[in-house]
Amino acid sequence: MRRPIIAGNWKMNNTASEGYDLVTALKPLVKDAKCDVVVCVPAIDIPSVKKALHGSKIRLGAQNVHFAEKGAYTGEISANMLKEYGVKYVIIGHSERRQYFGETDETVNKRTLAALAAGITPIVCIGETLEERESGKTEDVLGRQIEKDFVGIDDFSKIVIAYEPIWAIGTGRTATAEQANETIGFIRKRMKKVYAGKNVGRMRIQYGGSMNAKNAKELMAMPEIDGGLIGGASLKAPDFAAIVNFDK
Ligand code: 13P
């Protein structure tokens, strides 16, 4: 059985003190969660959120990591810097980073390997645009990302994939539970073929894109969907808690 994992992606929201307050409010609301709970926070919020998380099972996550160990990469953050603060998860290859910050399949792959080397679990985002879906290219696009983003990984139980159809992010337009289930099923099947013998069966795949308290239960009931990566609805403690407690 794969244990469900619900992660919040705060994106560029919450100052350090706002993050502290949000997590302080969240802690009691999710203390009986049956799934893994993660908050992926802006890098500068990590110290204060870590303090607020003390004594909680909620795990600390980041939103990006550089692939080099150290060096002349102005503005970047290394896996060891995250590790020293107890960061357990890191989002890699979010479509916003691919779209606005020049992230490519190659850099996604390098960042993923760097996170794994530091013992941090990568949450690697893949997904298609609206145009790609409407022109029937979803499986081609995902197939390309599957072939390129995960080269060199030996044990897929140590990574999480977030399937985020770009047309569903921040738009209020969720993939239907059936659409999400079908596409995640395709991803798992293709991964098993491309990376045979590498523990793909134990890898968790989340859905992300306008997931909220109202649709979480239906999405989480689907057999292929192992969790959610939540943007907007992770910014208010009761909203996020309602998703985490989807089984209650
Ligand atoms: P929304 O939940 O705001 O649509 O964002 C999804 C997302 O991009 C999570 O990484």
Side-chain angles (χ1 to χ4, degrees), residues 4-14 18-19 22-23 26 30 35-43 45-46 49 58-65 87-101 103 108 111-112 115 120-130 132-133 138 141-142 145 149 159-177 179-181 183-184 187 204-220 222 225-246:
I5 174 168
I6 304 285
N9 174 9
W10 291 2
K11 308 191 179 182
M12 197 174 73
N13 294 289
N14 292 322
E18 288 165 348
L22 174 52
V23 164
L26 181 65
V30 301
C35 58
D36 290 343
V37 185
V38 184
V39 284
C40 298
V41 309
D45 292 6
I46 287 172
V49 169
I58 303 170
R59 295 293 181 211
L60 186 54
Q63 298 175 11
N64 194 16
V65 62
V87 169
K88 301 285 186 224
Y89 293 85
V90 60
I91 296 170
I92 296 173
H94 192 280
S95 59
E96 287 149 16
R97 294 219 54 92
R98 294 181 193 251
Q99 187 179 352
Y100 306 132
F101 302 100
E103 199 79 68
V108 169
R111 291 179 202 272
T112 302
I120 299 173
T121 303
I123 299 176
V124 182
C125 302
I126 61 176
E128 80 288 357
T129 63
L130 184 60
E132 288 160 346
R133 175 158 285 258
T138 301
V141 172
L142 292 171
Q145 291 171 332
D149 294 3
I159 78 161
V160 174
I161 287 185
Y163 166 59
E164 297 208 319
I166 296 167
W167 47 271
I169 296 176
T171 56
R173 186 175 165 177
T174 333
T176 64
Q179 266 175 331
N181 190 62
T183 311
I184 289 176
I187 294 168
R204 294 178 291 182
I205 309 183
Q206 301 171 309
Y207 167 75
S210 298
M211 192 160 161
N212 57 39
K214 284 208 182 86
N215 57 31
K217 201 180 176 119
E218 194 191 353
L219 286 160
M220 292 302 296
M222 289 290 164
I225 302 178
D226 302 324
L229 184 57
I230 323 297
S234 72
L235 298 175
K236 291 211 171 82
D239 293 357
F240 188 57
I243 301 172
V244 167
N245 297 320
F246 66 91

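Here the structure is a predicted model, which is why all the values come from computation and not from measurement. Start at 1 and go down the list; that is how both ligands and their atoms are numbered.
At the shortest separation from atom 2 (O) of ligand 1 among protein heavy atoms lies Gly231 N, 2.9 Å. Of the protein's heavy atoms, Glu164 OE2, 2.8 Å lies nearest to atom 9 (C) of ligand 1. Of all protein heavy atoms, the one closest to atom 3 (O) of ligand 1 is Gly232 N, 2.8 Å.
Residue contacts with ligand 1, taken as heavy atom pairs separated by less than 4.0 Å, involve Ile169 via backbone and side-chain atoms alike. If you look at Ala168 next to ligand 1, the close heavy atoms, those under 4.0 Å, all belong to the backbone.
Asp226 places a side-chain N or O within 3.5 Å of a backbone atom of Ile205 that can act as its donor or acceptor partner.
Where the criterion is an N or O separation shorter than 3.5 Å, residue side chain and backbone included, Gly170 meets it with respect to ligand 1. The N/O atoms of Lys11, backbone and side chain alike, include one that comes under 3.5 Å of an N/O atom in ligand 1. Residue His94 has at least one nitrogen or oxygen atom sitting less than 3.5 Å from a nitrogen or oxygen atom of ligand 1, judged on distance alone.
The closest side-chain donor-acceptor pair between Gln63 and His94, if any, does not fall under 3.5 angstrom. Looking at Thr121 and Arg204, their side chains never bring a donor and an acceptor atom within 3.5 Å of each other.
Numbered from 1 in the order shown, with element, the atoms of ligand 1 that lie under 4.0 Å from a heavy atom of Asn9 read 9 (C), 10 (O). Proximity to Gly209 (heavy-atom distance under 4.0 Å) selects the following atoms of ligand 1: 4 (O), 6 (C).
A salt bridge links Asp149 to Arg98: at least one charged side-chain nitrogen sits closer than 4.0 Å to a carboxylate oxygen.
Counting non-hydrogen atoms of other residues, nucleotides and ligands closer than 6.0 Å to NZ of Lys11 gives a total above 12.
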Exercise. Do Cys125 and Ile91 pass the side-chain contact (heavy atoms from CB on, under 4.5 Å) test, and can you show the C-alpha distance, the side-chain angles, and the key distance before you say yes or no?
Worked result: CA-CA 7 Å; Cys125 302; Ile91 296 170; 3.8 Å; yes
For this session: Go through the steps to decide whether Glu164 and Glu96 satisfy the test side-chain contact (heavy atoms from CB on, under 4.5 Å), and finish with yes or no.
Result: CA-CA 11 Å; Glu164 297 208 319; Glu96 287 149 16; over 6 Å; no
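The shortest separation from a heavy atom of Gly208 to ligand 1 is not under 4.0 Å, leaving the residue out of contact. At a 4.0 Å cut-off, not a single heavy atom of Ala233 sits close enough to ligand 1 to count as contact.
Counting heavy atoms from C-beta outward, Val108 and Gln145 have side chains that stay 4.5 Å or more apart.
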